[in-house]
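Throughout, protein chains are lettered first and strands after them, A, B, ... in sequence-line order, and every chain is numbered starting at 1.
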Amino acid sequence: MKKSDWLERYQKMTSKYPERKKEFTTGSGTPVNSLYTPQDMGDTENAHYEQKIGYPGEYPYTRGVQHTMYRGRFWTMRQYAGFGDAEESNQRYRYLLDSGQTGLSVAFDLPTQIGYDSDHSMCKGEVGKVGVAIDTLKDMEILFKGIPVDKVSTSMTINAPASVLLAMYIVNAEKQGIKRSALTGTIQNDILKEYIARGTYIFPPTPSMRLITDIFEFCSKEVPKWNTISISGYHIREAGSSAAQEVGFTLADGIAYVDAAIKAGLGVDDFAPRLSFFFNAHNDLLEEVAKFRAARRLWARIMKDRFKAKDEKSLMLRFHTQTGGSTLTAQQPDNNIVRVAVQTLSAVLGGTQSLHTNSRDEALALPTEQSVTIALRTQQIIAEESGVTNTVDPLAGSYYVESLTDKIEEQAMQYISKIDDMGGVVKAIEGGYIQKEIQDSSYKYQLSVETKDRIVVGVNKYTMQETAKGELLRVNPEVEKKQVAKLASVKKERSMKDVEARLADVRKAAKEGTNLMPPIIEAVKVYASIGEICGVMREVFGEYKEKIII
Amino acid sequence: MSGKIRVLVAKPGLDGHDRGAKVVARALRDAGFEVIYTGLRKTPQEIARIALEEDVNAVGLSLLSGAHNELFPAVIAELKKAGLNDVIVFGGGVIPEEDIPFLKKSGLGAVFTPGTSLQTVVDFVKNNAKLR
């Protein structure tokens with residue numbers, strides 16, 4: 001492709017979707033073009049440029065998945081939030097939307113994520129702690145009260161019981177008079193990284209993969225604008241992996257999902273455009289930028305060459321980013337604001353589609369409203385003031401960034417090949433290979449902090465005596481009692497006969513292998529609880545047993 | 001019994017964050033202790049049972065979900081119920097400073113928060129765990 005051809009496409013795009021401004025300039029007034037290429041240095045675009053780097057919105061998407069990127073519109077600013085019960089979380093969501101946030105991201109508590117009701121004996125002390133407690137459709141109705149779910153996209157961090165929460169979201173919307181086909185959002189729905197790094201699995205791999213492909217199939221017909229999965233490197237990185245491992249293991253997971261869906265009889269271009277990704281942003285700014293660019297290029301090549309995808313949307317790696325929780329320090333917590341700003345820059349210079357910025361106090365507790373506001377303002381300052389959004393992929397052509405991009409792509413591909421040789425990701429997890437690789441990296445990291453080969457400001461250098469840490473958010477200790485009481489009253493009001501009949505349908509579908517989404521939706525409608533629905537599936541599918549390695 | 005101190009590293013509750021638990025387990029092993037790791041999602045009863053069966057001298061609890069005020073004291077109560085009165089217990093995770101006095105009063109020998117060096121944890125076990 002010639003630059004003139006690309007500019008033609010670009011103009012077509014901007015006549016359809018106008019840019020944010022008529023003219024872009026630097027802070028001092030110099031005009032800024034949409035794109036810079038070797039031509040701007042007096043060079044010509046050669047075959048190497050075309051193959052490895054190319055143009056934004058064009059294969060292999062190294063420079064981004066859209067032609068205009070942030071000249072068109074900024075990324076979606078989406079703070080992950082939720083705690084206590086549905087009422088409290090609803091209030092936080094409304095506050096965030098009022099503060100200029102452009103999408104919602106729901107954090108569920110651990111009982112919800114593991115498919116237990118709040119009154120289960122395993123849940124003592126955990127209800128409402130790391131996210132909002134959801135037992136039945138009733139809670140979902142309260143959670144989204146007064147929020148126009150046809151206008152706001154919602155991301156839900158839910159994996160093993162993703163079908164149940166998606167069903168609740170659909171039913172709640174329909175009760176508000178909104179068609180399921182109009183809904184936009186994402187469910188994380190990525191069970192493989194739960195086995196690898198995050199820990200909220202329920203069922204063994206085979207039925208878990210089937211639940212996921214059931215969702216792919218159902219949504220491709222019924223909820224076409226929904227992102228059916230968010231294939232996540234975030235937690236792999238948090239568990240201690242390197243940048244290249246984050247890309248390699250995440251894309252290997254992606255390959256497993258594509259394989260499973262094809263095996264289930266779906267056509268690659270029917271579901272692949274709705275696959276999305278989720279990455280971490282750590283402190284090494286340029287390495288992180290290279291990582292995002294490498295991931296995009298590598299996925300495009302995998303989808304084209306390995307899976308023969310034809311739809312160009314199937315080739316595009318669209319991703320959400322969260323700044324790195326494990327990089328935050330409990331010491332001198334205000335320093336975290338600066339770390340988050342650097343990480344935000346890496347995500348933006350790497351071309352993210354949406355972003356969560358962590359708050360300064362998250363090494364201590366859940367963030368206060370004030371801390372969340374600073375985190376959101378950090379995104380807004382980078383978007384509106386820094387100037388890095390005025391041109392597409394501004395770091396392209398940097399010798400260092402391009403060479404790091406190549407390096408990370410190459411290392412990630414080595415991991416993928418190794419996992420292929422083992423028979424795929426599930427085998428590599430069952431054998432403990434991936435977990436061990438990550439643990440080795442994380443232990444090496446910790447030892448380097450210990451020996452001060454790696455400096456963490458405020459922790460092993462520039463330390464000081466600190467007094468009180470300021471105000472922290474505490475989850476209301478009454479929430480567990482309140483939630484258990486609410487569940488009991490819902491259970492009293494509903495028809496037990498309907499619940500039993502609908503649960504029997506779920507059991508039947510689970511056993512017979514028909515798509516589980518329709519019976520789960522029907523069960524949710526009659527206020528069957530998440531614990532009851534997952535309980536039926538636990539009976540049929542059994543539970544996963546972790547492979548313990550240290 | 002051999003002359004090695006035995007340490008159980010445990011994950012009570014539903015929390016899936018095991019990076020810290022595993023790093024600490026490895027550091028303790030490298031420091032010469034016998035280390036047993038429970039894996040995720042153990043109830044206080046299960047942790048006490050494993051501690052008894054494995055005849056450990058110390059138990060390290062890791063929790064990042066905020067349920068420490070409920071679960072740490074519950075583990076200590078179960079250990080006592082199992083007759084393991086001489087086992088030293090320590091904990092770590094995302095734990096606000098103001099919760100530490102309560103946890104210590106409940107019987108935790110030490111609470112390690114983010115940024116703690118591995119040597120500090122190793123030294124604590126060295127100085128406090130006793131062979132039977």
Per-residue contact mode, [X] against chain B (heavy atom under 4.5 angstrom):
{"X": "A/Pro477", "result": "neither"}
{"X": "A/Ile549", "result": "backbone"}
{"X": "A/Ser121", "result": "neither"}
{"X": "A/Ser442", "result": "both"}
{"X": "A/Asp361", "result": "neither"}

Exercise. Determine the option with the most heavy-atom pairs under 4.5 angstrom with chain B, choosing from A/Tyr116, A/Tyr445, A/Tyr201.
Key: A/Tyr201

Exercise. Identify which of A/Val130, A/Leu366, A/Ile548 forms the greatest number of heavy-atom pairs closer than 4.5 Å to chain B.
Key: A/Ile548

Exercise. Flag the one option from B/Ala27, B/Ser65, B/Gly16, B/Gly93 with the top tally of heavy-atom pairs under 4.5 Å to chain A.
Key: B/Ser65

Quiz prompt | Under 3.5 Å donor-acceptor, A/Gln331 side chain and B/Gly115 backbone | solution = no

Exercise. Using modelled atom types only, decide if a donor and an acceptor are shared between the side chain of B/Arg41 and the backbone of A/Met122 within a distance under 3.5 Å.
Key: no

Any idea which heavy atoms bring [X] and [Y] closest together, and the distance?
{"X": "B/Pro114", "Y": "A/Ala330", "answer": "O-CB, 3.9 Å"}
{"X": "B/Ala67", "Y": "A/Gly125", "answer": "CB-O, 3.2 Å"}
{"X": "B/Leu118", "Y": "A/Gln446", "answer": "CD1-CG, 3.7 Å"}

In residues 17-25 of chain B, what donor-acceptor pairs under 3.5 Å come from side-chain atoms, sequence neighbours left out?
from: B/His17; atom 1: ND1; to: B/Asp15; atom 2: OD1; distance (Å): 2.7
from: B/Asp18; atom 1: OD2; to: B/Lys22; atom 2: NZ; distance (Å): 3.1
from: B/Arg19; atom 1: NH1; to: A/Glu238; atom 2: O; distance (Å): 2.7
from: B/Lys22; atom 1: NZ; to: A/Gln439; atom 2: OE1; distance (Å): 3.0

Proximity breakdown for [X] and chain A, heavy-atom pairs closer than 4.5 Å:
{"X": "B/Glu98", "result": "side chain"}
{"X": "B/Leu40", "result": "both"}
{"X": "B/Arg29", "result": "side chain"}

Self-check item: Residues of residues 72-86 of chain B contacting chain A, heavy-atom criterion under 4.5 Å, by residue number
Solution: none

Practice problem: Sorted by first residue and then second, give each side chain to side chain donor-acceptor pair (under 3.5 Å) pair with at least one member in residues 101-118 of chain B; sequence neighbours left out. | Solution: B/Ser117-B/Thr120

Exercise. Starting at OH of A/Tyr443, measure out to CG of B/Asp30 and round the result to the nearest 0.5 Å.
Key: 3.5 Å

Quiz item: When you look at B/Asp99 and A/Arg474, which way does the side-chain contact (heavy atoms from CB on, under 4.5 Å) test go after all the steps?
Solution: CA-CA 11 Å; B/Asp99 292 353; A/Arg474 298 207 74 104; 3.0 Å; yes

Quiz item: Tell me the salt bridge (charged side-chain N to carboxylate O under 4.0 Å, His left out) pairs involving residues 112-131 of chain A, sequence neighbours left out?
Solution: A/Asp117-A/Lys491, A/Lys129-B/Glu70

